[in-house]
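The next block holds one structure in the form of structure tokens; read it before the comments.
Quantities reported herein were computed from a predicted structural model and do not represent experimental measurements. All values below come from the heavy atoms of this structure, side chains included, with hydrogens, waters and symmetry mates left out.
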Amino acid sequence: MARMSYLSAIERYEEYQGLIQNLLLSILASVHTALAQKKDVQPLIKQYPFLELQYCLDEQGIQLGNNVCFKPQYKKDLANRGAGQDLSARPYFTAISNSTEAHFTSPYVSTATRHLCISVIKSVQFKEGAPCYVVIDVCLTELIEFIMGDTKRANMTAYFKVGYGLIVACLFCLVFYLLFKVFEGMFSLVTSEQVHSDPLKPFTIIIFVTLALAIFDLGKTILEEEILMHKDIFRHSSTRRTITRFISTILIAVSIEALLTMFKAALGQTEYVMPAVLMMFAVVGLLIALAIYVYLGAKAEGILTQVQRAKINTSLQ
């Protein structure tokens, strides 16, 4: 499963915007206190791993001092620099210049870290100098993971990908083996002189093709759902999508097998009539069950989302 996509992060931000802003205000107050007491603000990263940058601006939008970089991987490029640069044209500065309230930017891609982030800026007053503005940049995806208690699982994503990758590799190896058996059977079918005496022999090849198709589709589903795409485990729609794709793979395989069994029955082997009929009934039942599951799952997710939003709004009031 990939880390949170930009679209998912923005959706979650809109859902938890009030809670996120309250958290950032408390962090901003902690930074203000640390700066006023001339303490190091670096220890904040241990409590809030989503923090990226902190810096101060004067009343003209000129940066006071260098950046405080919270991320070790960016310290080489971002730390100990930035002093004196003119940031007065930044939208957050023009928005805060005539206000004493904190200002939060909309999500944007940071030019410093290339991550989706938001910034919070607030006017502060120190005893020994003129008013200035404290700015904090935070990684939005990591902030949302922190809010939802998903940080540890997100950090394990790389290991999960390795495990799923091994499973997908095994499935694809099995597909190659089945395809080898298919080509071997086709060669034997063409060169054999007993083809006409055994009209059911081609069905063995079709069974191998069907199994290869089902296994390949299963491996493709795992590859897309668990490795390439972001899967939001907090949304039932993600789980419902995975189950739907998995059941669809089974439906295709069973439907093809039912048709093959009917063909065998049509060629004179009447003992296959009942198994073919039962398999078709199983396909129809599985389709109906899947439709009911998708419908009820969507209804339940809508209700849960409304209840969750109501709780968040109540807690913020």
Side-chain angles (χ1 to χ4, degrees), residues 1-2 163-192 194-233 235-302:
M1 59 199 75
Y164 281 118
L166 292 175
I167 294 173
V168 171
C170 292
L171 290 174
F172 285 164
C173 287
L174 185 56
V175 170
F176 288 133
Y177 172 76
L178 291 172
L179 291 177
F180 170 76
K181 298 296 290 184
V182 168
F183 288 116
E184 185 181 51
M186 291 175 65
F187 179 78
S188 175
L189 189 66
V190 172
T191 57
S192 175
Q194 301 179 351
V195 176
H196 300 290
S197 61
D198 186 11
L200 296 179
K201 191 173 183 180
F203 286 94
T204 303
I205 300 175
I206 299 177
I207 291 173
F208 281 129
V209 173
T210 304
L211 290 174
L213 173 63
I215 296 173
F216 179 82
D217 204 15
L218 176 61
K220 174 175 171 289
T221 299
I222 296 175
L223 179 65
E224 292 175 344
E225 294 285 338
E226 305 295 347
I227 299 178
L228 301 179
M229 297 173 61
H230 167 68
K231 184 177 180 179
D232 191 346
I233 63 173
R235 293 192 187 279
H236 295 279
S237 56
S238 296
T239 304
R240 192 167 61 250
R241 181 187 64 201
T242 302
I243 293 177
T244 301
R245 296 187 64 181
F246 179 74
I247 296 298
S248 299
T249 301
I250 296 177
L251 279 170
I252 293 172
V254 176
S255 299
I256 295 175
E257 291 298 329
L259 289 174
L260 292 177
T261 307
M262 284 186 173
F263 291 153
K264 289 181 180 180
L267 291 174
Q269 297 190 3
T270 56
E271 66 272 16
Y272 288 108
V273 172
M274 187 55 64
V277 172
L278 292 177
M279 278 194 287
M280 290 306 297
F281 275 119
V283 170
V284 173
L286 201 55
L287 276 172
I288 294 174
L290 180 61
I292 295 174
Y293 168 76
V294 172
Y295 174 76
L296 294 179
K299 294 280 288 185
E301 184 178 8

For this session: Just grab all the salt bridge (charged side-chain N to carboxylate O under 4.0 Å, His left out) pairs involving residues 283-295, residues at least two apart or on different chains.
Result: none
Exercise. Who are the ring pair (Phe, Tyr, Trp, His ring centres under 6.0 Å) partners of F208, not counting sequence neighbours?
Worked result: none
Exercise. Any idea which heavy atoms bring T261 and Y272 closest together, and the distance?
Worked result: CG2-O, 3.3 Å
For this session: Check the surroundings of atom CZ in F172: do more than 12 heavy atoms from other residues, nucleotides or ligands lie under 6.0 Å from it?
Result: yes
Exercise. Measuring from L228:CG to I222:CD1, what's the distance to the nearest 0.5 Å?
Worked result: 12.0 Å
For this session: May I have all residue pairs that pass side-chain hydrogen bond (donor to acceptor under 3.5 Å, both in side chains) and include part of residues 281-297, sequence neighbours excluded?
Result: none
Problem set entry | Matching residue for T210 among I205, L260, L178, V254 - test: side chain to side chain contact (heavy atoms under 4.5 Å, CB included) | L260
For this session: May I have all residue pairs that pass salt bridge (charged side-chain N to carboxylate O under 4.0 Å, His left out) and include part of residues 244-257, sequence neighbours excluded?
Result: E224-R245, E225-R245
Problem set entry | Where L218 and T249 come nearest, the two heavy atoms and their spacing | N-CG2, 4.1 Å
Seminar exercise, completed: Shortest non-hydrogen pair, M280 vs A258, comes out as SD-CB, 3.3 Å
For this session: Please report the C-alpha distance between V283 and L251 in whole Å, then the side-chain angles of each, then the deciding distance to 0.1 Å, and finally whether the side chain to side chain contact (heavy atoms under 4.5 Å, CB included) criterion is met.
Result: CA-CA 6 Å; V283 170; L251 279 170; 4.0 Å; yes
Seminar exercise, completed: Residue pairs meeting salt bridge (charged side-chain N to carboxylate O under 4.0 Å, His left out), one or both in residues 269-287, sequence neighbours left out, come to none
Exercise. Could you give all pairs that pass the salt bridge (charged side-chain N to carboxylate O under 4.0 Å, His left out) test and reach residues 167-187, with sequence neighbours left out?
Worked result: K181-E184
Problem set entry | Heavy-atom closest pair, residues V175 and A212 | CG2-O, 3.8 Å
Seminar exercise, completed: Between L286 and I247 the two heavy atoms that sit nearest each other are CG-CG2, 4.0 Å
Exercise. Closest approach of V168 and G219, non-hydrogen atoms and distance?
Worked result: CG2-O, 3.8 Å
Seminar exercise, completed: So CG of D217 and CD1 of I250: to nearest 0.5 Å the spacing works out to 10.5 Å
